[in-house]
K.L.:
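My questions all concern the structure below.
These numbers come from the heavy atoms of this one structure, side chains and all, not from hydrogens, waters or symmetry mates.
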Amino acid sequence: MQNSPVISNTKLITLIVFICAALITSLFVYHSAHKKELTQLSDDRGIVFPVPRDIKTFDLLKHNQASFKPVDFRNHWTLLFFGFTHCTTICPTTLHMLKNAYTELHPRYPNLQVILVSLDPHRDTLTELAAYTTSFHSDFVGVTGKLQEIRKLQSQLGVFAARDEATSDDDYQIQHTSSVMLINPQGKWAGLFQYGMSSKEFVHAFNEAMQKQMHDHA
């Protein structure tokens, strides 16, 4: 009698990532026909919510050891990205793009902040997180904390994360959502930007999102 085939962890994670990508694509397609719920940016660069969404309580820590809670979103436009310091491609690519975009946007939006939330608190110490985020720009802030607190924020923003198979406890990658989240100065989730844009494209998308926000709340 033959044994039933067993799906490896790698294949399972790949399947989950594929399903999540399909669901996200379906969400974009669905909401493009429901303008009252979401407004899609040009060239599929992202979406903004006509009614921004509340962010419930969480308790994390900035890389300078100051607390990071929902109140820290207030009085800022925030670009929020989930990643980790050992990330090989998505995180450095995104943070490098955000550095260039931030340099251009900051004079017009002086209260703009860029925050990286670690999905890997096991390896991302405060010291390593500080060195990593500030290596892209001295204003960038790294945030970490207890995994259950990270999950509280992550789940509210629909951020997927799954650890790959590893050869050891310190040798692994994490598959994760690559979108950049937009949080408004009232501390609410206002939209998101797709991964893969150049800094020029991102600046255009951000400015478009600001125009739509002002139009929706006029």
K.L.:
Checking side chain to side chain contact (heavy atoms under 4.5 Å, CB included) for the pair K188/F49: CA distance, chi angles, key distance, verdict?
P.N.:
CA-CA 10 Å; K188 297 184 178 185; F49 309 139; over 6 Å; no

K.L.:
Does the side chain of H122 reach to within under 4.5 Å of the side chain of Y172, using non-hydrogen atoms?
P.N.:
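Yes, close enough: below the 4.5 Å cut-off.
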
K.L.:
Quick one: does any side-chain atom of N100 pair with a main-chain N or O of M97 as donor and acceptor, under 3.5 Å?
P.N.:
no

K.L.:
Any donor and acceptor pair, going by atom type alone, linking the side chain of N184 with main-chain N or O of A190 inside 3.5 Å?
P.N.:
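No, because the side chain of N184 does not come within donor-acceptor range (under 3.5 Å) of the backbone of A190.
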
K.L.:
For a side chain to side chain contact (heavy atoms under 4.5 Å, CB included) check, start with the C-alpha distance between L79 and L112, then their side-chain angles and the critical distance, and finish with the verdict.
P.N.:
CA-CA 8 Å; L79 298 174; L112 179 66; 4.0 Å; yes

K.L.:
Between the side chain of S135 and the main-chain N/O of Y132, is any donor-acceptor distance below 3.5 Å?
P.N.:
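Yes: the side chain of S135 pairs with the backbone of Y132.
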
K.L.:
Decide whether Q154 and R151 meet the rule of one side-chain donor and one side-chain acceptor closer than 3.5 Å.
P.N.:
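Judged by distance alone, the side chains do pair up.
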
K.L.:
For the residue pair T78 and I115, establish whether any side-chain heavy-atom pair is separated by less than 4.5 Å.
P.N.:
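T78 vs I115: side chains touch.
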
K.L.:
Please report the C-alpha distance between T133 and L95 in whole Å, then the side-chain angles of each, then the deciding distance to 0.1 Å, and finally whether the side chain to side chain contact (heavy atoms under 4.5 Å, CB included) criterion is met.
P.N.:
CA-CA 8 Å; T133 53; L95 288 168; 5.5 Å; no

K.L.:
Could you tell me which non-hydrogen atom of A205 sits nearest to which non-hydrogen atom of M197, and how far apart they are?
P.N.:
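Answer, listing the atom of A205 first, then M197: CB-SD, 4.1 Å.
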
K.L.:
Using modelled atom types only, decide if a donor and an acceptor are shared between the side chain of S155 and the backbone of K152 within a distance under 3.5 Å.
P.N.:
yes

K.L.:
Does the ring center of F202 lie less than 6.0 Å from the ring center of Y195?
P.N.:
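Here the rings of Y195 and F202 have centres that are no less than 6.0 Å from each other.
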
K.L.:
What's the spacing between K146 NZ and F58 CZ if we round to 0.5 Å?
P.N.:
15.5 Å

K.L.:
What is the distance from atom CG of D139 to atom NE2 of H106, rounded to the nearest 0.5 Å?
P.N.:
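If I round to the nearest 0.5 Å, the distance is 5.5 Å.
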
K.L.:
For the atom pair CZ (F193) and CD (E208), what is the distance rounded to the nearest 0.5 Å?
P.N.:
9.0 Å

K.L.:
Have N207 and Q211 got a donor and an acceptor in their side chains that come within less than 3.5 Å?
P.N.:
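Judged by distance alone, the side chains do not pair up.
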
K.L.:
Which heavy atom of T144 sits nearest a heavy atom of P121, and at what distance?
P.N.:
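Smallest interatomic distance, heavy atoms only, reads OG1-CB, 3.6 Å.
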
K.L.:
Would you give the length of the straight line joining atom OG1 of T94 to atom CG of L116, rounded to the nearest 0.5 angstrom?
P.N.:
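Reported to 0.5 Å precision, the distance equals 10.0 Å.
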
K.L.:
May I ask you to test the T85-D120 pair for a side-chain heavy-atom distance under 4.5 Å?
P.N.:
no

K.L.:
Is the backbone of W189 close enough, under 3.5 Å, to the side chain of Q156 for a donor and an acceptor to pair up by distance?
P.N.:
no

K.L.:
Report yes if some heavy atom in the side chain of F68 is under 4.5 Å from a heavy atom in the side chain of F73; otherwise report no.
P.N.:
yes

K.L.:
Would a 4.5 Å heavy-atom cut-off, applied to side chains only, mark M210 and L182 as touching?
P.N.:
yes

K.L.:
Applying side chain to side chain contact (heavy atoms under 4.5 Å, CB included) to Q175 and L119, what does each step give before you reach the verdict?
P.N.:
CA-CA 10 Å; Q175 302 296 327; L119 293 168; over 6 Å; no

K.L.:
With the side chain counted from C-beta on, respond yes when I174 and H86 share a heavy-atom pair under 4.5 Å apart, and no when they do not.
P.N.:
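When only atoms from C-beta onward are counted, H86 and I174 do not touch, as no gap falls below 4.5 Å.
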
K.L.:
With heavy-atom distances below 4.5 Å as the criterion, would you say the side chains of Q113 and I183 are in contact?
P.N.:
no

K.L.:
Answer yes if V114 and Y109 sit in the same cluster of Ile, Leu, Val, Met, Phe, Trp and Tyr residues linked by side chain heavy atoms under 4.5 Å apart, and no otherwise.
P.N.:
yes

K.L.:
Determine whether the side chains of S199 and E104 contain a donor N or O and an acceptor N or O closer than 3.5 Å.
P.N.:
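On atom types as modelled, these side chains do not qualify, holding no pair under 3.5 Å.
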
K.L.:
Which heavy atom of V141 sits nearest to which heavy atom of H63, and what is that distance?
P.N.:
CA-CE1, 3.7 Å

K.L.:
Is E149 reaching over with its side chain to a backbone N or O of D59, donor-acceptor style, under 3.5 angstrom?
P.N.:
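Yes: the side chain of E149 pairs with the backbone of D59.
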
K.L.:
Should we say atom NE2 of H96 is surrounded by more than 12 heavy atoms from elsewhere, each under 6.0 Å from it?
P.N.:
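No.
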
K.L.:
Distance from L80 atom CG to L153 atom CG, nearest 0.5 Å?
P.N.:
6.0 Å

K.L.:
Starting at OG of S179, measure out to CD1 of I90 and round the result to the nearest 0.5 Å.
P.N.:
10.0 Å

K.L.:
Are more than 12 heavy atoms, taken from residues, nucleotides or ligands other than H76, located less than 6.0 Å from that residue's NE2 atom?
P.N.:
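Yes, enclosed.
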
K.L.:
Are P92 and F136 side-chain neighbours, meaning at least one heavy-atom pair lies under 4.5 Å?
P.N.:
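Yes, side chains in contact.
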
K.L.:
Looking only at heavy atoms, what is the nearest atom pair of L129 and V143, with distance?
P.N.:
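Heavy atoms of L129 and V143 come nearest at CD2-N, 3.4 Å.
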
K.L.:
Determine, using the 4.5 Å side-chain heavy-atom cutoff (strictly less than), whether F84 and L61 are members of one ILVMFWY cluster.
P.N.:
no

K.L.:
Which heavy atom of Q173 sits nearest a heavy atom of C87, and at what distance?
P.N.:
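Looking at all heavy atoms of both residues, the shortest contact is OE1-CA, 3.7 Å.
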
K.L.:
Of all the heavy-atom pairs spanning A209 and V48, show the shortest one and how long it is.
P.N.:
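What the structure gives for the nearest pair is CB-CG1, 3.6 Å.
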
K.L.:
Could you tell me whether Q148 atom CD has more than 12 heavy atoms of other residues or ligands within 6.0 Å of it?
P.N.:
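Above 12, so yes.
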
